[in-house]
Number of protein chains: 2
Amino acid sequence: MNLRDLRYLLAVVEHGHFGRAAEASGVSQPTLSVQLRKLEAELGVVLLERGARGVAPTAACRRLLPHVRAAVAEADAIQAQARSLRDPLSGPFRLGIIPTLAPYLLPRVLAGLRARLPGLEIEPWEDLTDSLLERLREHDLDACLIATEPDQPDLLSRPLFDEPFLAALPPAHPLAARDTIAEEELARDILVLAEGHCLRDQALAVCRAATAQPMRATSLATLMHLVAAGYGTTLIPALAAESARDMGLVVRPLAPPASRTLRLVWRARSPRRPAVDALAEAIVALVARPSARPG
Amino acid sequence: MNLRDLRYLLAVVEHGHFGRAAEASGVSQPTLSVQLRKLEAELGVVLLERGARGVAPTAACRRLLPHVRAAVAEADAIQAQARSLRDPLSGPFRLGIIPTLAPYLLPRVLAGLRARLPGLEIEPWEDLTDSLLERLREHDLDACLIATEPDQPDLLSRPLFDEPFLAALPPAHPLAARDTIAEEELARDILVLAEGHCLRDQALAVCRAATAQPMRATSLATLMHLVAAGYGTTLIPALAAESARDMGLVVRPLAPPASRTLRLVWRARSPRRPAVDALAEAIVALVARPSARPG
DNA sequence: ATGTCATCATAGATTCGATCTATCAGGGAC
DNA sequence: GTCCCTGATAGATCGAATCTATGATGACAT
């Protein structure tokens, strides 16, 4: 069975006349005659009652017509939707983001992304780096924002921007009065995230500390609350500074400075490379000059 | 676009593998490769991300898949429904019946027809002869039961059975005591149906009367009620006798007898001739030996 | 590293099917 | 009876789908 033949059938039923249906379909009258006879033979059902003054659908045909119309309509829907998906910068785009970045980056850039890439429907997905990369490889995500460099051959990445690390202290902490803080000074009572967070490893590396402390916050927000409650200090990425200050923390730059590099990762074979590139550039621009937050 | 290609797409998406999808589709792997590339070119959308270990649908493809599945499902529904319509004795069958016959014939035969022709879904349509024949010619009906012989070249008919006319009288009528009644005796105070009813013409012909009486009942039931109320006499077809007696009328045979011939009419070109013939024979058999009425 | 295996893509030949033009056949209408 | 309109048929032509054989590429293991 063929969509073309179904369209022929609809044309003949609509016009009640082979010749006019043929003209409307852009083919010759014998074509319709032959093809519709074939369709009848294939279905084993007489669809048309031919008369000297035209043609009428049989009862069986009338029974089938709803399905025929539905099939043709779905085919048209496929083409219509494909037309709107033809723009490489449109359609759903699933973007994985690590938890120490998502809550602080997304409010800054989402509105701007909608303005710059109106066709791209970004669906954020928050998870730890390893899970994100696994999902990315399984085609569950289109790209990921992470803070490490993946070394898998089927994944490519590009750096977006560097995010400095900052010291976050309770106001009553002895170091809170200082303008800058050295890494070693922070190491003594630093609190870190649970395992799996790249920020945990980076914080420990920066401070050259191998803490085996029992407190392992599962989110940066939790961690900052712990610091605010006086349980210790921590290292936060720059984009979280505003949130940290809102919680009453004292935020100080490190001396010498340290940072992490945020990278956008995608599958080497992904056909969405244009969208990936556009997204990367948009994020860089929006982070450098953040757009207003959506009301 | 082609239903075949849509099925290919579904197979590849389902198997995630061109080779296995090809096997499942009964074609070679290059066929799928070529056809799906063509489909992508036609839609202008990359549907599949080819990898070294298989293939995955793109985000755009996932967007389209519901429509693709729907189109294929509708096509399958067409074939499934066609299979069940393949039996010439099945499917909807619109049967026109004149009003002086329908209420008395249908209760006698409908249950039996369902038993003898279980696939045939008879949809009765009650109207005057001329309207019925017009609808029949316009393909709005598959066949008609009427009491006259149509003389249109595109319509064929066959007689089913003769239905005697009977005299119907109020119990108090002077003729009610007689065993049989002559036509002339009835003519004096006969009531007839409104124009358009063939029974009106037949009654007038039988009784050689040209009444211009004001009372023109629009249904046989009304007419019989008028007779029961003592407004006159009338001629009824035999199948209405039971109903007439239920209303308290006296029913008597004519001497000499008169009758009308009920015919089944269909379009000369109708492809439903097998159903028409089966229906004709079933009705004849059921009228001769009526089945039990449905409870 | 390097060979091996698996995967999809490509090329050329072949077969099948859709379509065209020209013509036929049948029914109504006058 | 004759004409005209309708759909059906025939034979040729063109295009498209498919096949087999082979290439290209990447992953994995030794």
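Throughout, a chain's letter reflects where its sequence line sits, starting with A, and its residues are numbered from 1.
For the atom pair Thr58(A) OG1 and Asp142(B) CG, the distance stands at 9.0 Å (nearest 0.5 Å).
Here dT10(C) presents its C1' atom at 13 Å from NZ of Lys38(B), a figure rounded to the nearest Å. Following rounding to the nearest Å, Arg4(A) (CZ) and dA17(D) (C1') show an atom-to-atom distance of 12 Å. Between Gln152(A) atom CD and dC28(D) atom C1' the separation is 15 Å, expressed in whole Å. When rounded to the nearest whole Å, the span between CG of Asn2(A) and P of dA18(C) equals 7 Å. Arg37(A) places its CZ atom 5 Å from the P atom of dA8(D), with the value rounded to the nearest Å. We find that CG of Leu32(B) is positioned 13 Å from P of dT20(D), with the value rounded to whole Å. Atom pair His17(A):NE2 and dC5(D):P shows a separation of 10 Å (rounding to whole Å applied). dG17(C) atom C1' lies 8 Å from atom CD of Gln35(A), rounded to whole Å.
At least one side-chain nitrogen or oxygen of Arg50(B) sits closer than 4.0 Å to the OP1 or OP2 atom of dA9(C). For Ser28(A), a side-chain nitrogen or oxygen approaches OP1 or OP2 of dC20(C) to under 4.0 Å. Contact check, Thr31(A) against dC20(C): a side-chain N or O comes under 4.0 Å of OP1 or OP2. Dashed line: the shortest gap from a side-chain N or O of Arg269(B) to OP1 or OP2 of dG27(C) is not under 4.0 Å.
Residue-environment remark: CD (Glu23(A)) stays at or below the threshold of 12 foreign heavy atoms within 6.0 Å.
Relative to the side chain of Val34(B), the nucleotides dT9(D), dT10(C), dA8(D) differ in distance, and dT10(C) lies closest. Across dA22(C), dA9(C), dT6(D), the shortest atom-to-atom separation from the side chain of Pro30(B) is found for dA9(C).
Across all their heavy atoms, Glu149(B) and Ser157(B) have their closest contact at CG-OG, 4.5 Å.
Across the interface with DNA chain D, nearest-nucleotide mapping of Val27(B) and Asp154(A) shows Val27(B) to be the residue nearer the 5′ end. Between Gly54(B) and Pro153(B), it is Gly54(B) whose nearest contact on DNA chain C lies nearer the 5' terminus. Of the two residues contacting DNA chain C, namely Asp5(A) and Gly51(B), the nearest-nucleotide position lying further toward the 5' end is that of Gly51(B).
In this structure a side-chain-to-backbone donor-acceptor pair under 3.5 Å is missing from His197(A) to Arg200(A). For the pair Glu40(B) (side chain) and Leu48(B) (backbone), a donor-acceptor distance under 3.5 Å is present.
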